[in-house]
S.K.: 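Have a look at this one before I ask anything.
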Amino acid sequence: MMSAEIFFITTAIDYTNAPPHIGHAYEKVLADVIARWHRDRGRPVFFLTGVDQHGQKVQQSAERAGVPPAEFAREITAKFKALWVKLGIANDGWAETTDLRHVAAVQDVLRQLHDQGDLYKARHSGHYSVRQEQFLTDKERNEQGEFGPEWGEVVFLEEENWYFRLSKYRPWLAEYLAAHPEFVTPAFRGTELANAVAKEAGDLCISRPKSRLAWGIELPFDRDYVTYVWFDALMNYATFAGYRARDGAGLPDFESLWPCDAHVIGKDILVPAHGIYWPVMLKAAGIEAMPKLLVHGWWNLGGAKVSKSAGNIIDPDVLADRYGTDALRYYLMRDIATGQDADFNEDRLRTRYQADLANDLGNLVNRTVSMAHRYRGGVLAEVGVTDAEAFALRELGIEAARNFDTAMEDGFRVHAALESAWLLITAANAHVEKSAPWKLAKDPAEAARLDGVLVALVEAARLASALVHPVIPAAADTLLEQLGFSGDLSTQWGRVRAGHRLGQAAPVFPRLESQES
RNA sequence: GCCAGGGUAGCUCAGCGGUAGAGCAGGGGACUCAUAAGCCCUUGGUCGGGAGUUCGAUUCUCCCCCCUGGCACCA
């Protein structure tokens, strides 16, 4: 009953019409880092991610590939799952929208909304592109007022569809946003959303006739239709958290998870999907507790948006192979301010790896472990803080740990958190130079001081490793193992006990070969 | 067009009311435990332009200029 509140975090589910790129990877790593950070601090976490498998583009891509949509979606899904394993994404739940448990819950919600009068059927007529399979609006007309050749054959079509009474809930949403500035992080995205809500009008079309799109969840009250995108995709955050799940379905207990503490999404799907449709859907379904959104920016390439059509896709799988999972995770977290855009640059990745991971952190641990072995046979004496410099390092370590957590709590500013960890790492490296253990080792009268220096360095290296663990989990585990603190993720200073034995030193971040890649 | 973000050292970017910051790159130095890593010192900026508020503005307000997005189912 009084168990610690579970931190529930999700990512957008990825669309299975094409393989993953760097943007997908960034989002999952960001969510994973936040999840791991909570776990490392002892808070229970439920981390949900997954794939969106239905819809028109999947159906089209499948047709082009000459396979059934289910099979096509399954193949792409496998690529996503494999990449998440490779990148160390430690999700607790996995959402696939073709999952029958999801389908049943979605249909149940649709049935309720239908019963309570929130859905209605209406006839729409207009210009329709056969090639793009969508209705066109005046926005698609060119300067001459015509639909361009990119739309192919355009016909006038009349079609009946089901609509959700979004407009009915708009006043409620506007009020909710005004009263809950914490709904969206960062704040400026909240402003953007509020502006959009003020302009939003009309209802939401939520169906497609099966004659036009068969690959979707059937409307339980009108079997000629499937539900289109929103109720299918957005509901995943609730259905895979156990919403309306049957006993024994193998899903979590919804009551203990909801509301979601962070829906990690890209800036492109805040308005209108997650910022408008999603809260209104929840409200209509009778869920009062609203989730929170964490909206991240994009990785651009040379200032240009990454897109398939521009042909500048960056393959995270290749990067992970080339530099290692942790190096890629570190770069993705360090070189972007959460919420902002950044420019992806492989040279920067290499520089970050070399300077930060190999030279600063890796070398700190390596030289520390090495000296402990060389001067003390790998066993430390228990020594309190003996001199002013060691005391200053300890103070700095305590401050770094505090600042790390503050940065994470305050808008999930991972880049700032890492910066504070690196202040400690840099200070520890400086401490080596200032105390010059190699000199102390030559003077038996300085034995106690040498003990103190080694203890302080091990403490600092251990604390730094524990702090960065959420970002570079595998490497941090190895660093801690070398320091003789396997699995100790405490962010307290003062873990060394008398007789503490260190592991063996070995470079955790080998220098990059000078190469053109 | 509307809305938003960005314009800060050669490069990539933090900061956002109180004498301009980091990393990388460049220059110099002392050292040797270590992945020839690390440490110390250092060159370098009228913080896009203009006006205003203020004792004081890179930081707030207004105007303008450039770039990038969102407003259309691409993280």
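Quick note on labels: first sequence line is chain A, next is B, and so on, each numbered from 1.
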S.K.: Which part of the nucleic acid, if any, lies within reach of A/G339 when heavy atoms closer than 4.0 Å are counted: base, sugar-phosphate only, or nothing?
M.R.: nothing
S.K.: Using the side chain to side chain donor-acceptor pair (under 3.5 Å) criterion, which residues pair with A/R376? Sequence neighbours excluded.
M.R.: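 Scan of A/R376 (side chain to side chain donor-acceptor pair (under 3.5 Å), adjacent residues dropped) gives A/D451.
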S.K.: Could you work out, with salt bridge (Lys or Arg N to Asp or Glu O under 4.0 Å) as the rule, every residue matching A/D341, not counting sequence neighbours?
M.R.: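 For A/D341 the salt bridge (Lys or Arg N to Asp or Glu O under 4.0 Å) partners, ignoring immediate neighbours, are A/K267.
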S.K.: Does A/N345 place a side-chain N or O at less than 4.0 Å from the phosphate oxygens OP1/OP2 of B/rU12?
M.R.: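 Result: no.
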S.K.: What's the closest nucleotide to the A/E433 side chain, out of B/rG38, B/rA75, B/rA34?
M.R.: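 Comparing B/rG38, B/rA75, B/rA34 against the side chain of A/E433, the answer is B/rG38.
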S.K.: Enumerate, atom names and distances included, each donor-acceptor pair closer than 3.5 Å involving a side-chain atom of residues 182-194 of chain A, sequence neighbours excluded.
M.R.:
| unit_1 | atom_1 | unit_2 | atom_2 | d |
| --- | --- | --- | --- | --- |
| A/E182 | OE2 | A/H180 | ND1 | 3.0 |
| A/R189 | NH1 | A/E192 | OE1 | 3.2 |
| A/R189 | NH1 | A/E192 | OE2 | 3.3 |
| A/T191 | OG1 | A/A187 | O | 3.4 |

S.K.: Can you find a side-chain donor-acceptor pair between A/R348 and A/Y331 that sits under 3.5 Å?
M.R.: no
S.K.: For A/N161, give me all partners under side chain to side chain contact (heavy atoms under 4.5 Å, CB included), at least two apart in sequence or on another chain.
M.R.: A/E159, A/Y163, A/C205, A/S207, A/P209, A/Y225
S.K.: Give the nucleotide from the list B/rA75, B/rC13, B/rG38 with an atom nearest to the side chain of A/D343.
M.R.: B/rC13
S.K.: May I have the distance from A/L512 (atom CG) to B/rU35 (atom P), rounded to whole angstrom?
M.R.: 16 Å
S.K.: Taking A/W438 for its side chain and A/M371 for its backbone only, find out whether a donor-acceptor pair lies under 3.5 Å.
M.R.: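 Checking the backbone N and O of A/M371 against the side chain of A/W438, no donor-acceptor pair under 3.5 Å is found.
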S.K.: What nucleotide among B/rU12, B/rA34, B/rA75 has an atom nearest to a side-chain atom of A/A12?
M.R.: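 The listed nucleotide nearest to A/A12's side chain is B/rA75.
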S.K.: Polar-atom pairs under 3.5 Å, protein N or O versus N or O of nucleotides 24-27 of chain B: list them with distances, or write none.
M.R.:
none

S.K.: Can you tell me which nucleotide in B/rC13, B/rC40, B/rU35 comes closest to the side chain of A/A430?
M.R.: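 Closest nucleotide to the A/A430 side chain: B/rC40.
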S.K.: Check the angle between the aromatic planes of A/H263 and A/Y237 and answer parallel, tilted or perpendicular using the 30° and 60° thresholds.
M.R.: tilted
S.K.: For A/R413, check side chain to side chain donor-acceptor pair (under 3.5 Å) against everything at least two apart and list the hits.
M.R.: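 Partners of A/R413 under the side chain to side chain donor-acceptor pair (under 3.5 Å) test: none.
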S.K.: By the 4.0 Å heavy-atom rule, please label A/G266 as base, sugar-phosphate, or nothing.
M.R.: sugar-phosphate
S.K.: Contact class for A/I336 (heavy atom, under 4.0 Å): base, sugar-phosphate, or nothing?
M.R.: nothing
S.K.: May I ask you to say what A/Y375 touches in the nucleic acid, namely base, sugar-phosphate or nothing, with a heavy-atom cut-off under 4.0 Å?
M.R.: sugar-phosphate
S.K.: Please report, to 0.1 Å, the donor-acceptor pairs under 3.5 Å made by any side chain of residues 78-87 of chain A, with sequence neighbours excluded.
M.R.:
| unit_1 | atom_1 | unit_2 | atom_2 | d |
| --- | --- | --- | --- | --- |
| A/K86 | NZ | A/D317 | OD1 | 3.3 |
| A/K86 | NZ | A/D317 | OD2 | 3.4 |
| A/K86 | NZ | A/D321 | OD1 | 2.7 |
| A/K86 | NZ | A/D321 | OD2 | 3.2 |

S.K.: Step by step, would you call A/F412 with A/H296 a ring-ring contact (aromatic ring centres under 6.0 Å, His included)?
M.R.: CA-CA 10 Å; A/F412 307 104; A/H296 63 75; over 10 Å; no
S.K.: Taking only residues two or more places apart in sequence, or in another chain, which ones meet A/T239 in a side chain to side chain donor-acceptor pair (under 3.5 Å)?
M.R.: A/H102
S.K.: Should A/K439 and A/D443 count as an ion pair when the cut-off is N to O under 4.0 Å?
M.R.: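 No salt bridge links A/K439 with A/D443.
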S.K.: How is the base pairing of RNA chain B summarised as a dot-bracket string, given the Watson-Crick and G-U wobble criteria with both distances under 3.5 Å, [ ] for crossing and | for another strand?
M.R.: ((((((((.[[[[.)..(..]]]].((((.........)))).....[[[[[..)....]]]]])))))))....
S.K.: With heavy atoms under 4.0 Å as the rule, sort A/D52 into base, sugar-phosphate or nothing.
M.R.: nothing
S.K.: Among B/rG5, B/rC33, B/rG23, which nucleotide has an atom closest to any side-chain atom of A/Q340?
M.R.: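 Among the listed nucleotides, the one closest to the side chain of A/Q340 is B/rG5.
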S.K.: Quote, to the nearest angstrom, the P distance that separates B/rA25 from B/rA37.
M.R.: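 Rounded to whole Å, the distance is 10 Å.
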S.K.: Considering heavy-atom distances to RNA chain B, does A/R413 or A/R374 have its closest nucleotide positioned more toward the 5' end?
M.R.: A/R413
S.K.: Can you list everything that forms a ring-ring contact (aromatic ring centres under 6.0 Å, His included) with A/F231? Sequence neighbours excluded, please.
M.R.: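 A/F164.
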S.K.: When the P atoms of B/rG50 and B/rC13 are compared, how many Å lie between them, rounded to an integer?
M.R.: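 Comparing P positions in B/rC13 and B/rG50 gives a spacing of 25 Å.
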S.K.: Any salt bridge (Lys or Arg N to Asp or Glu O under 4.0 Å) pairs touching residues 13-31 of chain A, not counting sequence neighbours?
M.R.: A/D14-A/K28
S.K.: Scan A/T11 against the nucleic acid and name what it touches under 4.0 Å (heavy atoms): base, sugar-phosphate only, or nothing.
M.R.: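 Nothing, no heavy atom under 4.0 Å.
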S.K.: Any base atoms under 4.0 Å from A/I269, or only sugar-phosphate, or nothing? Heavy atoms, all strands.
M.R.: sugar-phosphate
S.K.: Between B/rC31 atom C1' and A/M371 atom CE, what is the distance in whole Å?
M.R.: 13 Å
S.K.: Counting side-chain heavy atoms from C-beta on, which of B/rA75, B/rA14, B/rG69 comes nearest to A/H24?
M.R.: B/rA75
S.K.: Between B/rC60 and B/rA14, how far apart are the two P atoms, rounded to whole Å?
M.R.: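 Pairwise P distance, B/rC60 against B/rA14, rounds to 16 Å.
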S.K.: How long is the line joining CD1 of A/I76 and C1' of B/rC74, in whole Å?
M.R.: 14 Å
S.K.: Without decimals, in angstroms, what is the distance between A/M333 CE and B/rC13 C1'?
M.R.: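 Rounded to whole Å, this separation is 16 Å.
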S.K.: Of all the choices, B/rU35, B/rA75, B/rG38, which nucleotide is nearest to the side chain of A/N359 once you look at every atom?
M.R.: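 Ranking B/rU35, B/rA75, B/rG38 by closest atom to the A/N359 side chain puts B/rG38 first.
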S.K.: Atom CD1 of A/I276 to atom P of B/rC71: distance rounded to whole Å?
M.R.: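 Nearest whole value for this atom pair: 11 Å.
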S.K.: Look for any protein N or O under 3.5 Å of an N or O in nucleotides 1-3 of chain B and output each such pair with its distance, or none.
M.R.:
| unit_1 | atom_1 | unit_2 | atom_2 | d |
| --- | --- | --- | --- | --- |
| B/rC3 | O3' | A/N195 | ND2 | 3.1 |
| B/rC3 | O2' | A/N195 | ND2 | 3.1 |

S.K.: Both A/R511 and A/R352 contact RNA chain B. Which one's nearest nucleotide lies toward the 5' end?
M.R.: A/R352
S.K.: Atom OH of A/Y353 and atom C1' of B/rA37: how far apart are they, to the nearest Å?
M.R.: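 So the two atoms are 13 Å apart, to the nearest Å.
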S.K.: Over all strands shown, is A/V365 touching base, sugar-phosphate only, or nothing at heavy-atom distances under 4.0 angstrom?
M.R.: nothing
S.K.: Take atom CZ of A/F188 and atom P of B/rG69, then tell me their distance rounded to the nearest Å.
M.R.: 15 Å
S.K.: In whole Å, what is the span from the CG atom of A/N300 to the C1' atom of B/rA75?
M.R.: 12 Å
